[in-house]
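First comes the structure, then the notes that go with it.
Labels below follow one simple rule: chain letters A, B, ... track the order of the sequence lines, proteins then strands, and each chain is numbered from 1. Note that the structure is a prediction, hence the values are computed from the model and not measured.
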Amino acid sequence: MILPIHRQVHSAITDAVQRAFGLTEIPPFTVETPPNRALGDLAVTVAFQLARALRKAPRMIAQEIANALAPIPGIAQVTAAPTGYLNFFLERKPFVVDRVTGRAIAAPVDEGKVVVEHTAINPNKAAHIGHLRNATLGDTLVRVLRFRGTPVETQNYIDDMGVQVADVIVGFKEFEQKGVADVQHIAETTRFDYYCWDLYSKVTHWYDADKTHAAVRAQALHDLEHGGTEVSEMGTVIVDHIVRAHLKTMARLNIGYDLLTYEGDIIRLKFWAHCFETLKAQGAVFLQTEGKLAGCWVMRIDDGRDAEPAVAGEEKDEEAREKVIVRSNGVVTYVGKDIANQFWKFGLLGRDFNYRKFALQDGDRQLWATTTAEGEKSGVPSFGGATRIYNVIDSRQMYLQALLAQALRTLDHPKQAENSIHFSYEMVALSHSTAQKLGYPADAEADRKPFVEVSGRKGLGVKVDDLLDVLESTAKAEVARRNPEFTPDECQRVAEQIAVGAIRYFMLKFSRGKLIVFDMDEALSFEGETGPYLQYAVVRANNIFNKLQQRDGVSEADVLASLDAAMLDELAPSDDPDAHDLWALVYEASRLDDIVEQTVRALEFSLLAKYAFGLAQLFNAFYHRYPILNEENVDRRRWRAAGVAYFRAQLTRALDLMGIDVPGRM
RNA sequence: GCGCCCGUAGCUCAGGUGGAUAGAGCACCGGCCUUCUAAGCCGGGGGUCCCGAGUUCGAAUCUCGGCGGGCGCACCA
């Protein structure tokens with residue numbers, strides 16, 4: 001944990017600058033990490049920023065600040081570099097002892113409850129690789145926020161009333177001539193999410209083949225919303241089984257939730273009706289009477305262009321900037337329902353769901369679901385009422401997410417509008433070679449594009465469970481080869497952990513604004529910058545302690561307890577900027593809290609992923625260079641072992657933030 | 001047309017609210033398994049950071065203008 005020291009340095013500098021130059025206003029500055037330990041452990045660039053105002057060279061200013069600086073606990077030395085940097089060198093021994101013995105604990109961040117909504121897969125087919133990116137990003141966000149002390153509630157929105165579910169119902173009823181009992185039977189006896197995956201794409205073709213089939217779809221959607229029909233009954237069966245299939249898939253990836261929010265409940269509990277009245281009363285929506293949107297309740301889209309003077313042809317443009325909230329047939333659109341949902345999440349609706357217990361996850365974590373029926377009387381957590389909301393949805397939904405914030409602003413909730421955060425990311429597509437292997441039909445036009453788009457509607461995509469299965473079997477073969485003494489169960493368990501490590505790391509290592517062109521061969525790699533590389537580094541560290549215990553009867557606790565008395569040589573500064581020494585390892589391991597703060601600020605998990613990878617690289621280099629078991633000098637051995645213990649703890653934490661477990665051996 | 005995202009090594013990508021010699025993985029070449037698991041380590045080659053202006057002591061990073069690619073702007077979600 002390095003941030004407490006950052007804070008101390010920051011305030012000491014502020015104080016010194018005020019006293020040395022008589023300034024009351026100091027430009028904002030940060031405590032940075034120099035490129036290598038030979039330059040220093042912490043650096044500050046405030047001298048550059050003051051150069052103009054003080055009309056002095058940065059180097060001089062840095063020197064004066066250094067002279068004025070009161071002693072800072074934990075800092076051994078301060079130097080003013082010729083370039084103008086102020087560099088700080090830490091007191092190494094107490095720093096290491098405090099970290100490895102866990103004495104330096106970060107203070108929790110004090111803020112209100114945050115709701116993170118992610119996954120939200122239409123419950124009509126199996127989860128594919130695009131959903132995987134969403135769920136991985138969302139789950140990692142939850143973990144990272146919790147790590148820094150933020151209370152988080154994880155919600156998974158279930159669109160049980162949408163067109164996609166209606167389409168599968170149409171498939172069963174009209175296309176396959178099945179009734180509710182048939183569907184129930186299929187759901188219980190087949191891999192149902194896969195069955196629906198195929199059926200959904202068949203229905204899509206069926207629609208395309210005959211335009212009159214569209215009427216069937218509209219009728220199904222209508223019946224789905226109104227309840228008491230065969231369609232709605234079938235919908236309930238389908239949705240329930242698919243949702244459970246998704247939960248099972250996500251559980252394989254260490255992903256769980258607190259609450260499933262059903263769209264149907266938003267309708268049936270009159271959330272929407274209530275919200276609609278408010279929107280109408282405030283003039284946020286209005287009934288369009290002319291043009292092609294006549295008869296629809298629409299919201300005017302505020303894109304900042306309203307102030308522009310009207311020019312010829314502007315009128316047409318005006319109409320294009322209206323979004324339908326309620327269709328002319330009286331059926332509310334997704335946007336409308338989502339606005340109501342967003343208001344509820346902030347506790348602004350004045351209404352609440354009823355709740356039922358849905359499932360136990362990971363053995364003991366209770367998953368709740370909304371319900372229109374009576375629900376549990378006691379023991380229900382307080383859901384919603386967030387101060388900040390992250391909606392994890394890909395960038396294609398930007399337009400609609402902006403409408404949510406607009407609705408909040410219009411109804412005079414500017415703070416909530418500002419705290420409605422669209423956690424946006426680019427989609428996942430497939431490489432041509434992977435698409436080809438999956439048997440995609442050749443398409444001359446599509447082939448010209450640099451990638452192939454995933455389409456659930458067309459049944460084109462890599463299913464999450466298929467991908468995990470392939471990763472697991474690949475990993476399992478390797479685990480069995482390396483560990484002949486493992487039982488099949490052990491091999492399987494480790495293979496599962498490696499598969500999750502590989503795929504979750506793959507999903508996190510790219511920045512979120514980057515479109516991922518998924519390639520099976522690339523994802524199947526366990527070498528280089530991959531999850532298994534990181535897991536392997538921890539496993540190696542584990543082995544050192546296993547052998548230390550076996551051979552010498554020395555535990556990690558023994559090592560740490562004997563540290564204070566041990567000598568310091570091992571931490572002596574090195575002039576070699578590339579030295580992969582003990583200090584560099586411990587120092588780097590301590591930066592996790594700083595990295596997490598940056599990660600949250602930028603909502604960029606590639607930062608965390610790259611940090612963890614760099615830390616593992618540092619350890620691997622150290623591992624090859626500095627023996628521990630075979631080091632004869634006892635004190636040297638202790639210090640090295642202590643550093644490895646700290647590294648192991650910190651990388652394990654970093655991996656946990658990414659939802660990646662570490663096998664005991666691999 | 002308007003909005004958002006992307007453009008850095010042969011390929012795939014990292015590069016905090018500007019800062020110290022532009023990095024990693026893969027691929028390629030050369031070393032290292034009687035010493036804590038080689039899913040590893042060490043070394044090597046490889047760059048007009050898309051182009052052009054501007055701001056600045058300092059720009060891959062910020063601003064503006066181009067070029068190229070992707071996505072969005074549905075009575076779908």
Taking the same atom, P, in B:U21 and in B:C11, what whole-Å distance lies between them? 28 Å
Measuring only the C1' atom in each nucleotide, how far is B:A14 from B:G30? A whole number of Å is fine. 27 Å
May I ask you to say what A:Leu548 touches in the nucleic acid, namely base, sugar-phosphate or nothing, with a heavy-atom cut-off under 4.0 Å? nothing
Heavy atoms under 4.0 Å, any strand shown: does A:Asn87 hit a base, just sugar-phosphate, or nothing? base
Could you check whether A:Arg217 gets within reach of a base, just the sugar-phosphate, or nothing at all, counting any heavy atom under 4.0 Å? nothing
Could you identify which residues of residues 534-544 of chain A place a heavy atom less than 4.0 Å from some atom of RNA chain B, listed by residue number, or say none? A:Tyr536, A:Val539, A:Arg540, A:Asn543, A:Ile544
Categorize A:Ala402 for me: base, sugar-phosphate, or nothing, with a 4.0 angstrom heavy-atom threshold over every strand shown. nothing
Write down the distance separating the C1' atoms in B:G23 and B:G15, rounded off to the nearest Å. 7 Å
At under 4.0 Å between heavy atoms, what does A:Asn122 touch on the DNA or RNA strands: base, sugar-phosphate, or nothing? sugar-phosphate
Need one value for A:Met666: base, sugar-phosphate or nothing, where a base atom within 4.0 Å counts as base even if backbone is also close, heavy atoms only. base
Pairing check on B:A59: which nucleotide meets the Watson-Crick or G-U wobble criteria with it, both distances under 3.5 Å? none
Give one of base, sugar-phosphate or nothing for A:Ser511, where a contact means two heavy atoms less than 4.0 Å apart. sugar-phosphate
How is A:Glu32 classified with respect to the nucleic acid when contacts are heavy atoms under 4.0 Å: base, sugar-phosphate, or nothing? nothing
Pick base, sugar-phosphate or nothing for A:Phe526, based on heavy-atom distances below 4.0 Å to the nucleic acid. base
Report which part of the nucleic acid A:Ser328 touches: base, sugar-phosphate, or nothing (heavy-atom distance under 4.0 Å, all strands). base
Distance between C1' atoms of B:C71 and B:A22 (Å, rounded): 30 Å
